[in-house]
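Position 1 is the first residue of the sequence; numbering continues from there.
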Amino acid sequence: MTDLDASPRAAAPTRVQAGPATPTATAQTAHRPLTGPGAALTEGLLHDWQSRNREASLPLALRQLEVAGNLDNLRAAAAAGDSAEPGAASYHGPVFMDSDVYKTLEAIGWELARDPDSGTGQTLAGFADAAITLLEQAQRPDGYLDSYIQVSGEPRYGRLASSHEMYCAGHLIQAAVALSRTAGQGPGGHEELAKRLLAVAQRVADHLVATFGGQERGLDGHPEVETALAELYRETGQRAYLDLARQFVEQRGHGLAGDSGRGHRYLQDHLPIRDTVTLEGHAVRALYLEAGVTDVASETGDADLLAGSVRRWEDMVATKTYLTGGNGSRHSDEAFGDRFELPPDRAYTETCAAIASFHWSWRLLLATGDARYADLMERLLYNAFGASISTNGQRFFYVNPLQRRYDHVEEDDPARRHEWFSCACCPPNIMRLLASVQHYLASTAGDTLYLHQFTGATVTTPLAGGTLDVAVSADLPWSGEVTVRVTQAPAGPCGLALRVPAWSGSPQLLVNGEPVQATAAQGYLTVTRTWQPGDVLAATFDLTPRWVYPHPRIDAVRGCAAVERGPLVYCFEHVDQADGTDLDDLALVAGSGLTESPATLAEIGRTVLVELDARPVRAGLPDELPFTATAPATDPGPVQRATAVPYFQWDNRDGQPMRVWLPGIMAE
Ligand SMILES: [Zn+2]
C-alpha cells in the first residue's frame with residue numbers, strides 16, 4: 001500500500017514468480033501452480049500460436065492502439081490534469097478504451113519474460129515504457145486514473161452501471177501483476193518497468209480501497225476488478241485488496257451496481273452470489289465475476305462460496321455451453337440464454353467469454369484438482385477460442401457462431417474476422433491469454449506433478465524432495481502419442497500424473513516401454529516411483545473421429561449430429577464440398593463411417609480432414625409460408641463424401657457458408 005493503507009499489513013505470502021492466478025501459500029487449494037522456471041512451450045500447435053501472437057498479433061495491437069485513439073485518450077487525460085470540463089477535449093471510442101491498453105501491457109509482461117525484445121523497430125519494452133509514462137502522467141495525485149472520466153469531465157463513479165471505471169482498473173492491475181511476476185525472469189529483465197506500473201496500479205487500488213472499502217457506495221457494472229484485486233493481494237500481501245474483492249463479491253445482488261437500462265440481471269446484480277444457481281446476463285461479466293468468486297473463496301477458505309461457484313459451473317456446462325465450449329447465445333445483451341437455448345446460427349459465444357471461462361475453470365481446477373475443468377479448458381482452447389484468430393494471426397472474431405449462411409449480414413457480427421473492432425475487447429484479450437498459455441499446462445499437488453494439457457513443453461518444478469524436470473513431447477491435437485521424459489528428478493519417490501481427456505478412453509501407461517500400474521483419481525492417472533533421469537512415461541490417447549449428438553432439449557439442433565476428433569470440433573465449409581453442393585441442403589447418411597486424412601491446405605496449413613457420407617436433400621424453395629400440413633416433399637440427391645475441417649480453422653479461405661451440425665435425412 002502507499003499512503004492510504006486501510007488495513008494492517010498481512011504477512012507477506014510466499015513470493016513466487018508464476019503466471020496468472022497464483023494463490024498464496026495459505027490459500028485453500030488442492031493444486032498449486034508451478035513455481036520456479038515452470039513451463040515453456042517448445043513445439044506444437046500451442047507453441048506456434050504463441051509465436052504467432054508475438055510476431056503477428058502484438059505488433060498489430062501496438063499500431064491499433066495508436067490508430068483507434070486509445071493512447072490519445074491517455075494523452076488527453078494527462079494534458080487535462082485536474083481541470084477537465086465536459087467537452088474540453090475529444091475522447092475516442094467506448095468508455096473502456098483504457099482496458100485495451102492494459103490487456104496489451106499484460107501480454108507484453110508475459111512476453112518479456114518468455115522472450116526478450118528483439119531490439120528492432122518498436123520493441124515491446126519500448127511500447128510499455130511509453131505507455132507507463134503516459135499512465136504516470138495521467139494519474140491524478142489521489143490515485144484516480146480513467147481517461148474517459150478525466151477527459152469528459154463526468155463525475156467519478158457517477159454511473160457505475162456503465163462507466164467501466166473499476167473494470168478498467170482491474171485490467172490495469174492484472175497488467176501490473178503480470179509485469180511484476182515476470183520482472184526477474186528472462187534475459188530481457190524489466191524490473192524498472194514492473195516497479196513503475198505496479199506503483200500506478202497500487203495507487204489506483206488504494207484509491208478504490210479508500211473510496212469503497214467498508215461502504216455500500218457502489219459496484220462496477222462490469223465485474224473484473226474482483227479477480228484483479230485478489231491477484232494484487234497475492235502479489236503484494238496487502239490484505240486490504242483481498243478484503244475489497246470479497247466485499248465486492250458479497251455486495252452483488254443488492255442493486256449497488258445501478259442500472260444501465262438493461263436491468264440488474266445483465267450486471268449480475270439481481271441476486272446475492274450465494275443465492276445464485278445459474279449464470280445469467282452478460283456472459284463475460286458473469287464469467288469474470290466467477291473467477292473473482294473462486295479467487296476469494298480460495299484465499300479466504302470459504303468452502304460455501306466455492307461450492308456455489310462449482311455448482312454454477314456444473315449448471316453452465318450441462319445446460320448453457322456450446323459444443324465448442326463457448327457461452328452466450330443471445331446477441332441482445334451479449335448474454336447467456338435460457339437452459340438449452342443453444343442455437344448454432346445465433347450463437348454469440350464472444351471470444352472474451354471463452355477467455356473468461358478458461359480463467360474461471362483454471363481457478364476451479366486449482367481449488368479442487370478435478371480434471372473436468374481441464375477438459376473444458378481444452379475444449380475452449382482448441383475450439384471457441386482457437387477459432388477467434390485467423391491462421392495468419394491478424395484477423396479476429398468477436399462472435400463465434402456454429403453456423404454461417406451465405407447471406408449473413410449483422411452489424412455486431414461481421415461475416416468474417418476483422419483486424420480490429422470499434423469495441424476491441426477481444427483481440428488484446430486473445431493476446432494476453434496466448435502470451436501466458438504455458439502457465440495452464442501443469443500444476444502440483446503434494447509430491448505429484450499433474451499434466452493437464454499435452455503439447456511440446458518443458459516443465460520444471462520444485463517438489464518436496466527436489467526438482468522434477470520433464471520434457472513433454474506431444475503433437476496434439478493432430479496425434480495422440482504423449483511422452484514425458486524425465487531429465488531431473490528428486491532422490492525419492494514422486495508422482496507424474498496425466499489427465500485422461502474426456503474424449504479418450506483410459507490408456508495403458510508405459511514406463512520405459514513396460515506397462516505400469518497407475519492410480520486413477522479425479523480424472524488423472526498417476527505413476528508414483530523413484531524416477532531416474534532418462535525415464536520415459538508414455539501414453540497414447542485415442543483420436544479416432546467420432547459422432548456427437550445433442551441432448552434433445554437443445555431444440556435448435558435436435559436430430560442433428562456433429563463430428564469431433566480428439567479435442568477438436570469439426571465443421572463443414574462450402575469450399576471443401578463437391579461442386580454444386582449447397583451446404584444448407586446437406587444431410588447425413590445414417591451409419592456413415594468417418595475417415596480421416598492428414599492434409600496441408602493453402603491458407604490453413606497443417607490439418608486433419610474427416611470425411612463421411614452425406615447427401616443433399618432438396619425441397620423446392622417456398623413462395624408462401626414455409627410451413628405445410630404434410631412434411632415437405634424432398635429430393636435426396638446421390639450419396640457424396642462430405643469433408644469436415646477443424647472448427648478453429650474455418651473462415652481462412654473463401655468466406656462461404658459453414659456449419660458444425662448437420663441434420664439427419666428428413667424423408668426419403
Ligand atoms: Zn470481447
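V310 and R372 get closest at one heavy-atom pair: CG1-NH2, 3.5 Å. Q508 and P515 make their closest contact through NE2-CB, 3.5 Å (heavy atoms, listed as atom of the first residue, atom of the second, distance). Closest approach of D333 and R262 over heavy atoms only: OD1-NE, 2.9 Å. Counting all heavy atoms, side chain and backbone alike, I430 lies closest to F396 at CD1-CD2, 3.7 Å. When every heavy atom of T595 is checked against every heavy atom of R641, the shortest pair comes out as OG1-NH2, 2.8 Å. Considering every non-hydrogen atom in both T324 and V569, the closest pair reads CA-CG2, 4.3 Å.
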Self-check item: side-chain contact (heavy atoms from CB on, under 4.5 Å) assessment of H282 paired with F336
Solution: CA-CA 6 Å; H282 190 270; F336 280 99; over 6 Å; no

Practice problem: Would you please test H331 and D413 for side-chain contact (heavy atoms from CB on, under 4.5 Å) and show each step? | Solution: CA-CA 9 Å; H331 286 236; D413 174 20; 3.9 Å; yes

Practice problem: Check the pair I273 / L289 against side-chain contact (heavy atoms from CB on, under 4.5 Å), numbers first and verdict last. | Solution: CA-CA 9 Å; I273 194 72; L289 177 61; 4.1 Å; yes

Exercise. Show your working on side-chain contact (heavy atoms from CB on, under 4.5 Å) between F648 and N383 and close with a plain yes or no.
Key: CA-CA 5 Å; F648 83 82; N383 299 290; 5.6 Å; no

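E341 and R553 are not joined by a salt bridge, as no carboxylate oxygen comes within less than 4.0 angstrom of a charged side-chain nitrogen. By the 4.0 Å N-to-carboxylate-O rule, R252 lies too far from D269 to be salt-bridged with it. Contact check on R404 versus D345 returns no salt bridge, with no Lys/Arg side-chain nitrogen under 4.0 Å from an Asp/Glu carboxylate oxygen. In this structure, R330 pairs ionically with D338, as a charged nitrogen and a carboxylate oxygen lie closer than 4.0 Å. The residues R618 and D635 are annotated as not salt-bridged, no charged nitrogen and carboxylate oxygen being separated by less than 4.0 angstrom. One finds no salt bridge joining E290 and R363 here, because no Lys/Arg side-chain nitrogen approaches an Asp/Glu carboxylate oxygen to under 4.0 Å. Ion pairing between a basic and an acidic side chain is recognised when a charged N comes within 4.0 Å of a carboxylate O; R653 and E603 show no such pairing.
To the nearest 0.5 angstrom, C426 atom SG is 4.0 Å from E350 atom CD.
Donor-acceptor pairing under 3.5 Å is lacking for the side chains of Y398 and H418.
A perpendicular orientation is assigned to the rings of Y524 and H452, their planes being inclined by more than 60° (bins at 30° and 60°). The aromatic rings of H164 and Y167 lie perpendicular to each other, with more than 60° between the two planes, well past the 30° mark.
For the side chain to side chain donor-acceptor pair (under 3.5 Å) test, residues two or more places apart in sequence or in another chain that qualify with T278 are D315, K320. For F340, the ring-ring contact (aromatic ring centres under 6.0 Å, His included) test picks out H551, with sequence neighbours left out.
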